[in-house]
Participant: 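There's a structure below that I have some questions on.
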Amino acid sequence: AVEARQVHKAFGGLHVLKGVDMTVMPGTVTVILGPSGSGKSTFLRLINQLETLTGGSILVDGELVGFRHVNHHGRDMLQTLTEKEKAVQRSKLGMVFQRFNLFPHMTALENVMEAPIHVGHVDRRQARELAVAELERVGMGDRLDYYPSQLSGGQQQRVAIARALAMKPEIMLFDEPTSALDPELVGEVLNVMRSLAADGMTMIVVTHEIGFAREVADQIVFMDGGVVVEHGGPQIVDHPTEPRFRDFLQHVL
Ligand code: ATP
Ligand code: MG
């Protein structure tokens, strides 16, 4: 599970997250909606430790993210984890970004093998088997030796998903994975995400794809101005109660 409690984040004087609470149960899909600048990416980046919290806490599988409790002269204090300890925590999470971030000089197969070899310390033969299996899972089994420049945006994004899956994450974070794609390529990526959800993957997805949210999400969270304005089951996109959420839906639909 992911449990965020009163999460705050400031960049200098800019207070971006102002007390976000969220619980994501294992095997469920949470879709985060919200206007530009509402803090969605920042929230995902905090879970993945690409940013450091200003206040509050995030637990992944019951473990505090980025910190440990230490007893200092009889007082409970928080100590920052070492980079190595953070990397261990981060390895539980897979992240897919808006831009595909594939290594341009590597084939699809090499892109997916990279992390298992260099971070997971799996041998080359095992890494290859793993990578082929994940590429097949995203429907890219027939493009193993293609370079990113030889693939469509949708295909590149599916390779990026396979690359994240190859590290066997417990939780997948998606930050607008389809918003840089031509409209006709969006569906193939959403289909891969749909099948991951059906396989029981725990997912947090930032997207503007309301149809996907309605169909796949167990929980929908609407953020605006660094707070959760409304949250609930998928039905809330059809029956929003907060005026700000209603306005937002009118603009994206
Ligand atoms: P979008 O829908 O456009 O992706 P978002 O909801 O993901 O928006 P964030 O990217 O989380 O929004 O940004 C929230 C606010 O934090 C914005 O005002 C942004 O400019 C600011 N911000 C994000 N990262 C940084 C940073 N590293 N330094 C300073 N300000 C930042
Ligand atoms: Mg964003």
Side-chain angles (χ1 to χ4, degrees), residues 2-24 29-58 60 65-67 80 83 86 90 93-102 153-154 156-157 160-161 164 169 171-183 185-186 189-190 193 203-214 216-217 219-232 236-237 240 242-253:
V2 178
E3 296 160 86
R5 294 290 170 258
Q6 283 302 301
V7 167
H8 286 257
K9 177 65 183 176
F11 294 103
L14 185 66
H15 203 168
V16 171
L17 296 178
K18 302 172 180 171
V20 173
D21 290 300
M22 202 180 300
T23 301
V24 176
V29 177
T30 294
V31 168
I32 302 179
L33 303 173
S36 183
S38 56
K40 308 178 298 294
S41 296
T42 301
F43 182 68
L44 290 190
R45 292 168 63 81
L46 284 169
I47 298 172
N48 207 19
Q49 301 189 68
L50 296 170
E51 304 285 356
T52 309
L53 282 169
T54 309
S57 61
I58 300 176
V60 171
V65 167
F67 299 91
T80 312
E83 285 310 310
K86 287 183 188 172
R90 208 178 278 131
L93 303 160
M95 186 145 178
V96 176
F97 300 89
Q98 183 172 351
R99 300 269 160 205
F100 328 119
N101 302 118
L102 297 177
Q156 289 182 54
Q157 196 60 308
I161 293 172
I171 298 159
M172 286 285 287
L173 309 175
F174 293 88
D175 194 357
E176 301 199 34
T178 61
S179 53
L181 298 177
D182 291 336
L185 303 177
V186 168
V189 173
L190 293 181
M193 293 167 65
M203 297 168 40
I204 305 179
V205 183
V206 174
T207 184
H208 294 298
E209 295 292 335
I210 302 296
F212 175 85
R214 183 189 284 114
V216 179
Q219 168 176 241
I220 291 178
V221 175
F222 173 68
M223 284 176 63
D224 193 9
V227 297
V228 173
V229 172
E230 183 165 352
H231 70 101
I236 68 170
V237 296
E242 292 295 328
R244 273 196 279 174
F245 188 26
R246 214 175 299 151
D247 283 351
F248 171 83
L249 287 167
Q250 267 163 8
H251 283 100
V252 292
L253 288 178

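When a ligand or atom number is given, it counts from 1 through the structure's own listing order.
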Participant: Check which protein N, O or S atoms are less than 2.8 Å from the Mg ion (ligand 2) and report how many there are.
Facilitator: 1
Participant: If I compare all heavy atoms of Val96 with all of Ala164, which pair ends up nearest, and what's the gap?
Facilitator: CG2-CB, 4.3 Å
Participant: NZ/Lys9 to OG1/Thr54 distance, rounded to the nearest 0.5 angstrom?
Facilitator: 4.5 Å
Participant: For Ile210, does its backbone N or O pair with a side-chain atom of His208 as donor and acceptor, under 3.5 Å?
Facilitator: no
Participant: Indicate yes or no for a side-chain donor-acceptor contact from Arg90 to the backbone of Gln49 under 3.5 Å, with no hydrogens or angles considered.
Facilitator: yes
Participant: Hey, is the main chain of Met223 close enough, under 3.5 Å, to the side chain of Glu230 for a donor-acceptor pair?
Facilitator: no
Participant: Look only at the side chain of Lys40 and the backbone of Phe222, and say whether a donor-acceptor pair between them is shorter than 3.5 Å.
Facilitator: no
Participant: Taking only heavy atoms of the protein into account, state which residues are under 4.0 angstrom from an atom of ligand 1, in chain and number order.
Facilitator: Phe11, Leu14, Val16, Pro35, Ser36, Gly37, Ser38, Gly39, Lys40, Ser41, Thr42, Glu176
Participant: Testing Gln219, Glu3, Arg5 one by one against Thr23 for a side-chain hydrogen bond (donor to acceptor under 3.5 Å, both in side chains), which residue passes?
Facilitator: Arg5
Participant: Do Val65 and Ile47 pass the side chain to side chain contact (heavy atoms under 4.5 Å, CB included) test, and can you show the C-alpha distance, the side-chain angles, and the key distance before you say yes or no?
Facilitator: CA-CA 7 Å; Val65 167; Ile47 298 172; 5.7 Å; no
Participant: Pick from Val7, Val221, Val2: which one makes a side chain to side chain contact (heavy atoms under 4.5 Å, CB included) with Met22?
Facilitator: Val221
